[in-house]
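Because the structure is a prediction, the values reported are computed rather than measured. Here is the naming used below: chain letters follow the sequence lines, and residue numbers restart at 1 for every chain.
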There are 2 protein chains.
Amino acid sequence: MNKMHGTWISELKNLLQEDQVTVNPTVLEQHSKDESYHIPHLPDVVVFPKDAEEVREIMRFAYKYEIPVTPFGLGSSLEGHVIPYQGGISLDFQLMNQILEVRPDDFLVRVQPGVTRTQLNKELKKYGLFFSVDPGADATLGGMAATNASGTTSVRYGIMRDQVRDLEVVLSDGRMIHTGSMTAKSSSGLYITGLFTGSEGTLGVFTELTLKVHGIPEVTTAARAVFPSTEAAVRTAVDILSAGIQVARIELVDDRSIKQVNLYNQTDYLVKPTLFIEFHGNEAGVKHDVSFAESIAAENLCEEFLFEADSKAIAKLWEVRHNLAYAFAHKSPGKKMMVTDVCVPISELVGAIKDARLAIEKTGLDGALLGHVGDGNYHAIIMINLSDSEEVKKAKELNAHLVDYALSRGGSCTGEHGVGIGKAVYQRKEHGDALDIMLDIKKILDPKGILNPGKIFKG
Amino acid sequence: MNKMHGTWISELKNLLQEDQVTVNPTVLEQHSKDESYHIPHLPDVVVFPKDAEEVREIMRFAYKYEIPVTPFGLGSSLEGHVIPYQGGISLDFQLMNQILEVRPDDFLVRVQPGVTRTQLNKELKKYGLFFSVDPGADATLGGMAATNASGTTSVRYGIMRDQVRDLEVVLSDGRMIHTGSMTAKSSSGLYITGLFTGSEGTLGVFTELTLKVHGIPEVTTAARAVFPSTEAAVRTAVDILSAGIQVARIELVDDRSIKQVNLYNQTDYLVKPTLFIEFHGNEAGVKHDVSFAESIAAENLCEEFLFEADSKAIAKLWEVRHNLAYAFAHKSPGKKMMVTDVCVPISELVGAIKDARLAIEKTGLDGALLGHVGDGNYHAIIMINLSDSEEVKKAKELNAHLVDYALSRGGSCTGEHGVGIGKAVYQRKEHGDALDIMLDIKKILDPKGILNPGKIFKG
């Protein structure tokens with residue numbers, strides 16, 4: 001790459017309109033980072049395609065000159081996915097933000113990759129539908145498919161991969177394919193829709209997505225359940241799932257996080273380990289589920305089980321939950337956030353959370369625990385001063401410890417944030433010889449190594 | 001292959017115990033066919049491995065001598081998947097039929113590929129759990145994962161791929177990998193678990209499966225809803241789904257099929273298009289869902305909405321449904337069954353079924369329509385005399401017509417039966433240039449073309 005630096009950018013400018021190709025320093029800087037603690041790196045140029053044909057043209061160009069291409073949605077990734085460590089083109093999808101089709105009878109939508117999830121949900125509401133995956137950030141759907149995002153509602157509605165029916169993908173050499181169909185199921189061919197979902201821009205570039213959507217439930221109820229210990233809260237979550245109660249969300253927010261919530265949101269929640277729970281269904285079914293869940297919580301010494309009365313209060317509860325990361329960032333100016341993301345089988349969750357709490361205390365770092373306990377996925381949020389090498393070292397050791405613990409118990413190093421640059425080091429340990437198969441697939445789809453190089457696979 | 005025919009079988013015998021390698025003509029004949037109309041072909045030898053290490057040894061041997069290997073479960077496939085058209089080894093998993101571990105808190109089981117679904121469900125019942133995928137036949141779980149089977153319950157619990165957390169796979173050269181983990185979700189590496197699921201033995205051989213299981217619902221209720229027309233029945237299914245009612249099964253059985261049901265099972269069901277519906281949930285929720293579904297059916301001129309009172313009657317209903325294929329076979333001795341398997345977006349289902357009914361009538365063949373209408377997946381069952389070339393030609397043309405219709409409306413040539421030999425011809429039409437990516441993946445995983453050659457991909 002860069003053999004012809006200086007000349008290729010002007011050649012690229014000839015392919016598109018002037019305002020679609022920029023080397024403006026502010027724009028480059030905006031495309032040099034995500035929301036993680038990973039060190040920023042500037043792209044050589046930022047390109048804004050308007051349609052799939054332009055993406056094909058850009059890819060043919062990049063393929064010819066072996067220029068790295070890093071797709072960019074809104075930069076809300078948490079493992080450096082969009083940081084162009086080898087420079088080249090940052091491919092920004094903000095001009096491809098159209099909702100192309102809503103098919104209410106099929107529970108499907110067709111969207112361009114730059115559509116955000118709140119933009120989609122605003123449109124879907126008109127049809128009594130909603131898009132279920134909620135990672136907190138208002139990410140683009142292209143980015144969410146690229147990282148296989150999930151979040152608070154996955155315990156009920158599934159992860160991003162479960163919603164993706166078809167992807168229009170431009171390959172590294174400019175060929176374009178459709179990976180799936182519009183049907184609820186298919187046993188035709190090989191399942192490459194799921195392979196591209198979560199491939200973090202390393203196998204191809206998405207130009208259109210067909211996604212599953214859901215009917216807005218008749219009744220939504222939410223509650224906060226307060227416990228004497230984190231273990232009691234986690235045990236309650238496990239028991240609720242074992243009882244077959246179909247919760248729509250079940251989130252652990254530990255006492256350390258509740259304290260931060262109160263400071264940031266002017267709430268006065270009891271500063272104790274808490275479950276935020278949501279129920280969806282018909283009126284009779286939800287009533288039954290709620291009282292069953294309440295009795296399970298009581299058996300685990302629940303101290304308070306408080307319902308949020310109306311849709312505004314419920315929205316506030318989840319806003320508080322989603323803003324937690326910002327709440328921590330807010331109180332630690334100058335520090336960056338490291339968020340761990342391991343996932344374990346549910347039966348291992350109580351032990352894992354207990355171990356994580358001890359491990360954080362041992363480092364002396366400022367850290368809280370929260371997570372999607374219904375999926376066995378939890379996060380430690382650690383605020384670190386990147387210029388303090390001792391602090392950075394401790395945080396990285398903590399991350400490694402949590403990953404080791406999870407992997408030794410049948411877990412995964414990342415439940416939902418993806419690998420990016422931060423988890424590449426754990427890939428061999430987690431996947432063993434299967435990593436060789438993944439590397440082989442990467443090689444056939446990206447023979448020149450221009451698609452988001454250095455992500456998932458160590459560069 | 002077969003360069004050293006005659007000598008390689010005796011060499012293979014040295015690798016294993018005597019009774020694990022057979023050329024007995026009866027056994028060869030049993031491994032020459034499945035339940036489809038496809039022409040049988042004998043393997044050279046049938047091998048019965050006892051564990052993964054033996055499978056690895058067999059694969060190393062086959063790789064070295066370039067001998068085709070076709071995995072064999074119970075032979076219940078419907079597109080010739082297990083027919084060894086190039087001879088070689090039929091790899092029968094009946095000795096690998098152990099349930100290795102049940103993890104009730106994790107809703108997981110670990111099984112060997114030769115375990116059948118009724119064997120698993122018998123064991124799971126002790127824990128209040130069940131395995132949800134029900135294709136009718138008592139297939140092996142290895143076979144069901146290989147074909148990405150689904151069936152009557154997928155509308156609620158998902159298809160086989162949705163249940164597979166991890167596969168232990170022996171690759172063509174004898175390497176062994178694990179594709180996934182035991183967690184509810186992961187965004188680590190590339191999603192190859194889903195790639196191997198549905199790969200029909202063309203990418204690797206499964207030696208262990210970790211599968212998701214579900215809690216037995218508190219209440220199960222089933223009903224038969226009888227309609228004046230197939231369209232009214234299908235419209236009801238679509239409306240029930242649109243209303244967000246979480247049916248556990250919703251099956252169309254057309255009047256032609258009901259007639260056959262009555263003959264074969266000594267039932268006296270009204271000979272009209274019928275929906276078989278099942279509801280799962282808590283008592284209050286199911287009651288609400290049932291009355292809502294009943295009112296939707298009434299709006300579509302439902303003539304009878306009859307509940308099955310107890311678990312025995314419910315079991316009988318599904319037995320009747322599952323035996324439908326056998327019912328047709330029974331009345332047409334000497335004929336073979338061709339079952340089409342297209343899947344369309346739900347909004348296209350009414351039109352598709354109407355078109356299929358006309359197309360069958362045009363051929364003059366004996367055919368019925370039934371299917372998993374909740375998924376947009378339906379089957380035409382056609383009984384054909386394989387020695388009547390005109391009849392065979394008509395049946396194949398009908399199949400092609402139904403596939404064309406589905407593909408032109410965003411559908412798939414196979415919802416659940418898989419490609420095998422019968423749908424290979426439609427792969428380019430359905431997948432376009434994506435088929436090249438699938439072929440590339442096939443090549444890296446099976447460079448010598450020894451894994452179930454001729455299946456999915458044309459030989």
Chain A heavy atoms under 4.5 Å from [X]: which part of the residue, side chain, backbone, both or neither?
{"X": "Leu108(B)", "answer": "neither"}
{"X": "Leu203(B)", "answer": "side chain"}
{"X": "Leu195(B)", "answer": "both"}
{"X": "Phe107(B)", "answer": "side chain"}
{"X": "Val419(B)", "answer": "both"}
{"X": "Thr147(B)", "answer": "backbone"}
{"X": "His214(B)", "answer": "neither"}

Hydrogens and angles aside, do [X] and [Y] bring a side-chain donor and acceptor to less than 3.5 Å of each other?
{"X": "Ser188(A)", "Y": "Ser186(A)", "result": "no"}
{"X": "Ser412(A)", "Y": "Glu430(A)", "result": "yes"}
{"X": "Thr197(B)", "Y": "Asn148(B)", "result": "no"}

Mind checking the CD1-CZ spacing from Ile240(B) to Arg235(B)? Nearest 0.5 Å is all I need.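 One gets 11.5 Å once the value is rounded to the nearest 0.5 Å.
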What distance do Lys442(A) atom NZ and Leu451(A) atom CG have between them, rounded to the nearest 0.5 Å? 5.5 Å
Could you look at Leu445(A) and say if it's the side chain, the backbone, both or neither that has a heavy atom under 4.5 Å from chain B?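 Contact with chain B: side chain only.
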Where on Ile456(A) is there a heavy atom nearer than 4.5 Å to chain B: the side chain, the backbone, both, or neither? side chain
State, to 0.1 Å, how close Glu218(A) and Gly281(A) come at their nearest heavy-atom pair, and which atoms those are.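 Answer, listing the atom of Glu218(A) first, then Gly281(A): CB-O, 3.5 Å.
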Please report the closest heavy-atom contact between Pro104(B) and Tyr127(B), naming both atoms and the distance.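 Taking every non-hydrogen atom into account, CG-CD2, 3.7 Å.
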Chain A contacts, top residue of [options] (heavy-atom pairs, under 4.5 Å):
{"options": "Gly411(B), Gly180(B), Ser199(B)", "value": "Gly411(B)"}
{"options": "Gly244(B), Ser242(B), Ala243(B)", "value": "Ser242(B)"}
{"options": "Asp440(B), Ile437(B), Leu241(B)", "value": "Ile437(B)"}
{"options": "Ala424(B), Cys413(B), Ser347(B)", "value": "Ser347(B)"}
{"options": "Thr179(B), Ile159(B), Asn282(B), Asp239(B)", "value": "Asn282(B)"}
{"options": "Asn377(B), Leu349(B), Thr210(B)", "value": "Asn377(B)"}

As an exercise: rank [options] by heavy-atom pairs under 4.5 Å with chain B and give me the winner.
{"options": "Gly415(A), Gly194(A), Ala184(A), Gly215(A)", "result": "Gly415(A)"}
{"options": "Met182(A), Gln246(A), Arg161(A)", "result": "Arg161(A)"}
{"options": "Ile216(A), Thr193(A), Leu190(A)", "result": "Leu190(A)"}
{"options": "Leu435(A), Asp162(A), Val342(A), Ile346(A)", "result": "Ile346(A)"}
{"options": "Asp105(A), Thr183(A), Ile177(A)", "result": "Thr183(A)"}
{"options": "Pro217(A), Gly410(A), Ala284(A)", "result": "Gly410(A)"}

Are [X] and [Y] side-chain neighbours, meaning at least one heavy-atom pair lies under 4.5 Å?
{"X": "His431(B)", "Y": "His178(A)", "result": "no"}
{"X": "Phe279(B)", "Y": "Val219(B)", "result": "no"}
{"X": "Arg428(A)", "Y": "Asp436(A)", "result": "yes"}
{"X": "Val213(B)", "Y": "Phe130(B)", "result": "no"}
{"X": "Val133(A)", "Y": "Leu211(A)", "result": "no"}

Could you walk me through whether Met438(B) and Phe457(B) pass side chain to side chain contact (heavy atoms under 4.5 Å, CB included), step by step? CA-CA 9 Å; Met438(B) 300 174 191; Phe457(B) 311 104; 3.8 Å; yes
For Lys287(A), is the NZ atom crowded, meaning more than 12 foreign heavy atoms sit under 6.0 Å from it? no
Crowded around Glu283(A) CD? As in, over 12 foreign heavy atoms under 6.0 Å? no
For the residue pair His417(B) and His379(B), is the inter-centroid distance of their aromatic rings smaller than 6.0 Å?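 When the ring centroids of His417(B) and His379(B) are compared, they turn out to be within the sub-6.0 Å range.
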Sequence neighbours left out, what pairs pass salt bridge (Lys or Arg N to Asp or Glu O under 4.0 Å) with at least one residue falling in residues 184-204 of chain B?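 Counting only pairs at least two positions apart or across chains, the salt bridge (Lys or Arg N to Asp or Glu O under 4.0 Å) contacts touching residues 184-204 of chain B are Asp375(A)-Lys185(B), Glu416(A)-Lys185(B).
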Run Thr340(A) and Thr414(A) through side chain to side chain contact (heavy atoms under 4.5 Å, CB included) and show every step you take. CA-CA 8 Å; Thr340(A) 72; Thr414(A) 173; over 6 Å; no
Report the C-alpha distance between Tyr191(B) and Phe196(A) in whole Å, list the side-chain angles of each, state the deciding distance to 0.1 Å, and finish with yes or no for side chain to side chain contact (heavy atoms under 4.5 Å, CB included). CA-CA 8 Å; Tyr191(B) 182 59; Phe196(A) 280 96; over 6 Å; no
For residues 163-176 of chain B against chain A, heavy atoms under 4.5 Å, the residues are Leu171(B), Arg175(B), Met176(B)
Using ring-ring contact (aromatic ring centres under 6.0 Å, His included) as the criterion, list what pairs up with His280(A), not counting sequence neighbours. Tyr157(A)
Report, by ascending residue number, the residues of residues 149-156 of chain A in heavy-atom contact with chain B at a distance under 4.5 Å; give 'none' if the set is empty. Ser150(A), Gly151(A), Arg156(A)
